[in-house]
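First the structure, in the form of structure tokens, and then the observations on it.
In the text below, chain A, chain B and the rest are named by the order of the sequence lines, each starting its count at 1.
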Protein chains: 2
Amino acid sequence: MNNAWHTEMLAEGRVSDRRIGDRDIVDKVRRAVLMQRLPPGTKLPEVTLGEVFGVSRSVVRKALTRLASEHVIDQRPNQVARVRAPSIEETRETFDARRLVEGEVVALLAGRLPAEPLAALAEQARGEVSAFERGDEPARIEHSLTLHHLLAEHSPNRVLGAMLTDLVLRTSIVIALYKRAGLASCYLEGDHSRLLTHLEAGDAEAARGDIHDHLNGLEALLDLSPREARIDLKSILGRAPEQA
Amino acid sequence: MNNAWHTEMLAEGRVSDRRIGDRDIVDKVRRAVLMQRLPPGTKLPEVTLGEVFGVSRSVVRKALTRLASEHVIDQRPNQVARVRAPSIEETRETFDARRLVEGEVVALLAGRLPAEPLAALAEQARGEVSAFERGDEPARIEHSLTLHHLLAEHSPNRVLGAMLTDLVLRTSIVIALYKRAGLASCYLEGDHSRLLTHLEAGDAEAARGDIHDHLNGLEALLDLSPREARIDLKSILGRAPEQA
DNA sequence: GACGAAACTTTTGTATACAATAAGCCCGCC
DNA sequence: GGCGGGCTTATTGTATACAAAAGTTTCGTC
């Protein structure tokens with residue numbers, strides 16, 4: 001069958017020599033899912049992963065548990081773990097949740113951000129623009145992700161920050177999944193720099209508005225029409241016998 | 001040392017005969033933490049738990065991982081898992097986060113709640129009142145928890161619902177932890193029934209306001225004065241060598 | 001040729017053994 | 001008597017073996 005992905009997995013970075021733990025597996029699988037190298041529904045048997053990474057099932061299992069708690073994979077009892085395929089409905093809900101949480105985070109952040117993190121954010125924004133202009137989509141995604149990750153990290157409210165980290169990952173996954181066919185990249189010019197301006201100026205409500213607009217714009221770039229529910233249909237009829 | 005808690009653990013319910021998995025361990029430990037039978041800082045060695053529940057370390061480890069992801073315990077590498085002691089700052093942040101999320105959930109819920117779940121909510125509210133009146137604090141907590149749990153479950157937005165479930169647990173833990181000394185119970189008369197009225201009437205913003213007031217009231221019943229930081233001090237100086 | 005059952009294979013669940021690390025302890029030294 | 005080094009012990013990290021369950025194939029029957 002589809003036995004080609006281990007080579008891709010290994011290509012993700014040198015694996016064999018370094019001391020590798022469950023953390024590395026989590027990072028690499030997460031990244032591969034994000035980059036669509038591991039499409040939804042892909043089976044991830046424990047022994048195979050263990051062979052690829054040169055560790056035993058124990059550590060693989062721990063990694064899979066973590067990935068499941070991050071909503072990257074689905075883990076049902078007595079069944080092989082599979083890359084998750086969030087439904088269209090869940091996609092909408094994830095965006096709604098992120099609007100709420102990230103809006104609040106940037107509102108809290110407005111005007112309270114020291115110069116150093118602000119510079120780091122600006123650098124990511126610049127990096128994203130440049131990556132977009134030279135057509136390097138993976139790099140652009142990386143910069144965008146890092147930017148939002150930084151926002152989460154610097155959230156004055158760490159509980160909300162942790163939630164935002166989770167939501168950023170989940171939205172990124174569904175963006176990769178539901179991106180409109182012809183679209184080269186889900187990029188909205190100026191959104192990030194506008195946000196940073198308002199953050200620096202200390203305008204909390206403007207920053208919240210920026211986040212809302214940004215996420216609305218992103219969501220609009222997706223193909224979430226229910227008539228095109230082939231993905232859902234396929235994953236539910238073909239693979240998932242029950243869904244509570 | 002403190003080897004008495006396994007008996008308490010077992011008293012939590014019949015354990016030996018039934019088929020017990022990691023889920024049961026998670027439930028029982030969570031409950032014990034909630035009821036303050038397992039105070040913060042309590043060590044939870046894997047072998048001991050395994051002996052108590054009659055399972056091997058494998059399943060205990062899985063249970064501990066779950067508990068850590070629920071923020072019930074702390075799991076640092078090469079160290080025994082311990083019951084978590086959220087700081088005062090984290091307590092405030094948890095309340096803030098819950099205000100945001102639960103407020104949104106009830107706003108979404110207002111007017112869209114069918115009769116059946118509404119009745120279930122009302123029953124929990126009544127149960128809470130009656131438990132309070134007869135001075136049965138554990139039962140009162142149980143009813144209150146179930147009520148908020150039901151709100152989370154019926155959230156139209158399941159992503160927010162799952163987040164709320166987590167936040168309800170965490171706030172309950174810190175309430176138990178920081179409850180003012182003399183206080184018999186953290187109960188605010190009428191709050192829940194008022195919320196239900198507004199939910200049924202479909203007044204989203206009133207419901208959101210009810211949640212805000214309720215959580216503000218609850219937080220006010222806690223002793224979060226930084227001068228009384230003995231709990232933090234004790235747990236940090238006495239047990240935790242490093243804190244990232 | 002289609003259907004169904006039984007063996008067979010694959011894969012996960014659990015227990016256990018061994019290695020590595022951290023904590024506690026004792027003893028010698030200053 | 002206090003302090004530090006090394007030893008002992010307790011506990012977690014990892015690998016592996018076996019059991020149970022799910023999935024797959026094959027074969028016989030209708």
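With dT12(C), dT14(C), dA15(D) as the candidates, the nucleotide lying closest to the side chain of Ser56(B) is dT14(C). Checked against dA15(D), dA22(C), dA22(D), the side chain of Asn78(B) finds its nearest nucleotide in dA22(C). Out of dG23(D), dT12(C), dA15(D), the shortest distance to the side chain of Val55(A) is found at dA15(D). Side chain of Gln79(B), nearest nucleotide from dA23(C), dT21(C), dG13(C): dA23(C). You'll find that the side chain of Arg57(A) is closest to dT12(C), out of dT12(C), dG13(D), dA15(C).
Within 6.0 Å of CZ on Arg23(B) lie no more than 12 heavy atoms contributed by other residues, nucleotides or ligands.
Per the geometry, CZ belonging to Arg76(A) stands 19 Å off P belonging to dA21(D), to the nearest Å. Look at CZ on Phe53(A): it is 15 Å from P on dT14(D), rounded to the nearest Å. What separates CG of Leu64(A) from P of dT11(C) is a distance of 14 Å, to the nearest Å. Put simply, CD on Gln75(A) is 9 Å from P on dT12(C), counting in whole angstrom units. Atoms CG (Asp24(A)) and C1' (dT14(D)) sit 15 Å apart, rounded to a whole Å. Protein atom CD of Glu51(A) is 12 Å distant from nucleotide atom P of dT16(D), rounded to whole Å. Lys62(B) places its NZ atom 18 Å from the P atom of dT12(D), with the value rounded to the nearest Å. For Glu46(A) and dA15(D), the CD to C1' distance is 14 Å, given to the nearest whole Å.
Residues Arg61(A) and Lys62(B) form a side-chain contact, since some pair of their non-hydrogen atoms from C-beta on lies under 4.5 Å apart. Residues Arg31(B) and Glu142(B) meet the side-chain proximity criterion, which asks for heavy atoms closer than 4.5 Å. Using a 4.5 Å heavy-atom threshold, the side chains of His148(A) and Leu151(A) count as touching.
Phosphate proximity of dT11(D) to Lys43(B): absent, as no side-chain N or O sits under 4.0 Å from OP1 or OP2. Residue Arg61(B) places no side-chain N or O under 4.0 Å from the OP1 or OP2 atom of dT12(D).
From Arg98(B), atom CZ reaches atom CD of Glu219(B) across 11.0 Å, with rounding to the nearest 0.5 Å.
Screening Asp74(A), Val72(A), Leu67(A), Thr42(A) against Val83(A) for a side chain to side chain contact (heavy atoms under 4.5 Å, CB included) leaves a single residue, Thr42(A). Exactly one residue among Ile175(A), Leu167(A), Leu100(A), Leu224(A) makes a side chain to side chain contact (heavy atoms under 4.5 Å, CB included) with Phe95(A). That residue is Ile175(A).
Sequence order on DNA chain C of the closest nucleotides to Val80(A) and Ser58(A) puts Val80(A) first from the 5' end.
One end of the helix from dG1(C)-dC30(D) to dC30(C)-dG1(D) points its axis 10° away from the other end's axis, with each axis taken from 5 pairs and the angle rounded to 10°.
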